[in-house]
**Q** 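First the structure, which I've put down as structure tokens, then a few questions once you've had a look.
Here is how names work: the chains are called A, B, and so on, in the same order as the sequence lines, proteins then strands, and each is numbered from 1. Heavy atoms only: backbone and side chains are in, while hydrogens, waters and symmetry mates are out.
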Amino acid sequence: MINFKGKNIISMHDLSKQEIIHILKTAECMEKKKYYDLLKGKILATLFFEPSTRTKLSFHSAMKQLGGSTIGFSDAQTSSTTKGESLHDTIRMVEQYCDAIVMRHPLDGSARLAAEIASVPVINGGDGKNQHPTQTLLDLYTIKKTQGKISKLHVAILGDLKYGRTAHSLATALSLFDCKLSFISPPSLRMPRQICDELTEKNIHFTEHESVEKIIPDIDILYSTRIQRERFPDPREYEMVKNAFILDTPLFKNAKPTLKLLHPLPRVNEITTNMDATPYASYFEQAGNGIPIRKAVLALVLGAKL
Amino acid sequence: MKTLVHNLENGTVIDHIPPEITFHVWNLLGKQHDVVVVGNHLPSKRMGKKGIIKIANKFLSEAEANKITLLAPHATVSVIKEGKVFHKYKLSLPSLLKGVITCINPNCITRHEQRETAFKVIQENPLKVRCLYCELLIHSQEIVLS
């Protein structure tokens with residue numbers, strides 16, 4: 001019996017394969033049936049120290065669809081952080097106002113620290129370049145919905161693999177599902193050594209590439225990510241790689257008809273709008289899957305009975 | 001040679017230190033106000049050459065023992081009380097190292113908030129540890145002691 005009540009959702013490293021499958025099954029239930037009063041009387045605090053559109057809005061929407069309510073801020077400039085308040089003190093205060101916390105913060109490990117301090121469950125909405133577990137859960141959910149399975153697929157992750165926390169979380173999660181992994185990036189934005197070491201230790205087969213053309217006929221899921229300007233210490237380094245990958249329809253002429261193109265969004269120029277009307281484009285459906293997944297996560301950590 | 005200058009009445013003897021890091025271990029223990037004897041390149045059946053440090057009226061804290069373990073994982077420690085060996089033990093790494101290592105990730109929360117660092121030991125030989133907060137995997141040659 002898997003019990004998530006009171007559990008923090010901080011990193012994909014903390015979740016077993018069985019726990020991931022349980023969350024995905026709960027998300028399926030959320031799509032099949034409305035649970036209008038499931039979290040009635042519960043309050044979710046959303047602390048966004050960094051900008052967010054999809055994560056913040058989908059958590060707000062998920063909580064409200066389940067009968068709960070939300071408080072919070074979406075700009076650190078409007079919080080007491082600007083007065084020099086530590087994260088520790090912010091969490092000690094906020095935990096008394098709510099039943100659960102969702103937090104996005106620019107520093108790696110901030111969510112783990114918040115979870116140690118808070119007496120209520122903490123859900124990581126992205127900590128620096130480290131992890132973004134609910135994004136990964138909705139990515140897995142989208143893969144399952146579009147391909148009918150997760151295991152044994154060839155998943156290629158493309159773009160900013162150095163700074164992209166969604167790429168890191170996804171690679172960690174897919175290591176539990178016996179997938180073939182390909183990492184495609186400019187040399188300066190390769191998957192960090194620690195992720196590659198982790199995969200090697202688990203005997204997970206992965207390959208690294210600088211272009212997608214040669215491997216596209218073999219791919220089941222192409223997961224594109226944005227080159228994140230805000231994470232580059234040197235703007236010149238960003239300028240050198242910002243147009244490294246622009247996915248357009250001609251590239252897909254040798255692709256499997258069942259290939260699905262995912263992206264955590266927002267996109268800049270890495271996927272042309274020509275792609276939107278193709279059967280490959282699944283990124284808007286993927287963003288929509290944030291609702292059932294976040295409803296599932298909220299219901300589970302708050303101990304609601306379905 | 002056996003008594004090495006000074007027999008302790010009370011204190012700690014750290015033995016079987018690789019000679020090249022004997023003085024690192026000594027530095028790590030900080031400024032001492034009591035008698036300290038450091039011997040280096042002494043003959044050793046087990047190691048060929050070894051270092052030894054005797055410190056009067058000093059007993060290692062858990063954090064100090066863990067730091068020494070990171071530098072000299074095969075060292076032995078003898079606790080001396082009233083001129084006798086009260087307790088002798090080989091150093092060993094705990095599964096979690098708290099307050100011993102500084103995270104090398106400048107974006108790690110432990111570099112910005114007042115928080116004791118914590119590292120999970122992933123592998124002992126060669127040593128690999130993972131920051132409990134930012135999840136960075138650090139190899140032995142990258143370890144920075146607090």
**Q** SG/B/Cys108 to CZ/A/Arg112 distance, rounded to the nearest 0.5 angstrom?
**A**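 Answer rounded to 0.5 Å: 11.5 Å.
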
**Q** Please list every donor-acceptor pair under 3.5 Å in which a side-chain atom of residues 79-91 of chain B meets a protein atom from a residue at least two apart or in another chain.
**A**
none

**Q** Please identify which of these residues, A/Asp127, A/Asp108, A/Asn130, meets the side-chain contact (heavy atoms from CB on, under 4.5 Å) condition with B/Asn107.
**A**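 The side-chain contact (heavy atoms from CB on, under 4.5 Å) with B/Asn107 is passed solely by A/Asp108 among A/Asp127, A/Asp108, A/Asn130.
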
**Q** Would you please go through residues 91-104 of chain A and name the residues with a non-hydrogen atom below 4.5 Å from one of chain B, in numerical order?
**A**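 Expected list: none.
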
**Q** Where along residues 139-146 of chain B does a heavy atom come under 4.5 Å of chain A, listed by residue number?
**A** B/His139, B/Glu142

**Q** Just by modelled atom types, is the A/Ser86 backbone N or O under 3.5 Å from a matching donor or acceptor in the B/Glu113 side chain?
**A** no

**Q** Indicate yes or no: at least one non-hydrogen side-chain atom of B/Arg115 is less than 4.5 angstrom from one of A/Ile117.
**A**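 Yes, their side chains come closer than 4.5 Å.
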
**Q** Under 4.5 Å from any heavy atom of chain A, what part of B/Glu135 do you find: side chain, backbone, both or neither?
**A** both

**Q** With a sphere of 6.0 Å drawn around NE2 of A/His209, does it hold more than 12 non-hydrogen atoms of other residues, nucleotides or ligands?
**A** yes

**Q** Pick one of side chain, backbone, both or neither for B/Arg111, based on which atoms fall under 4.5 Å of a heavy atom in chain A.
**A**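 Neither part.
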
**Q** Could you tell me which portion of A/Pro192 (side chain, backbone, both or neither) has an atom closer than 4.5 angstrom to a non-hydrogen atom of chain B?
**A**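 Contact with chain B: none, neither part.
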
**Q** Kindly list each side-chain donor-acceptor pair under 3.5 angstrom involving residues 157-186 of chain A, sequence neighbours excluded, with atom names and distances?
**A**
residue, atom, partner, partner atom, Å
A/Asp160, OD1, A/Lys162, N, 3.3
A/Asp160, OD1, A/Tyr163, N, 2.9
A/Asp160, OD2, A/Gln228, N, 3.4
A/Arg165, NH1, A/Gly128, O, 2.8
A/His168, ND1, A/Lys129, O, 3.1
A/His168, NE2, A/Leu161, O, 2.8
A/His168, NE2, A/Lys162, O, 3.2
A/His168, NE2, A/Gly164, O, 3.4
A/Ser169, OG, A/Gln131, OE1, 3.1
A/Ser169, OG, A/His132, N, 3.0
A/Ser169, OG, A/Arg165, O, 3.3
A/Thr172, OG1, A/His168, O, 3.0
A/Ser175, OG, A/Thr172, O, 2.5
A/Ser175, OG, A/Lys202, NZ, 3.0
A/Asp178, OD2, A/Lys152, NZ, 2.6
A/Lys180, NZ, A/Asp218, OD2, 3.0
A/Ser182, OG, A/His154, NE2, 2.7
A/Ser182, OG, A/Thr207, OG1, 3.3
A/Ser185, OG, A/Leu189, O, 3.3

**Q** What do you reckon, is CE of B/Met47 surrounded by more than 12 foreign heavy atoms closer than 6.0 Å?
**A**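 Counting other residues, nucleotides and ligands, CE of B/Met47 exceeds 12 neighbours.
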
**Q** Take atom CZ in A/Arg193; do more than 12 heavy atoms of anything else shown fall under 6.0 Å from it?
**A** yes

**Q** What are the two closest non-hydrogen atoms of A/His105 and B/Ile109, and how far apart are they?
**A** CE1-CD1, 4.5 Å

**Q** Taking the side chain as everything from C-beta on, heavy atoms only, tell me whether A/Gln194 gets closer than 4.5 Å to B/Arg130.
**A**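 A side-chain contact under 4.5 Å exists here.
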
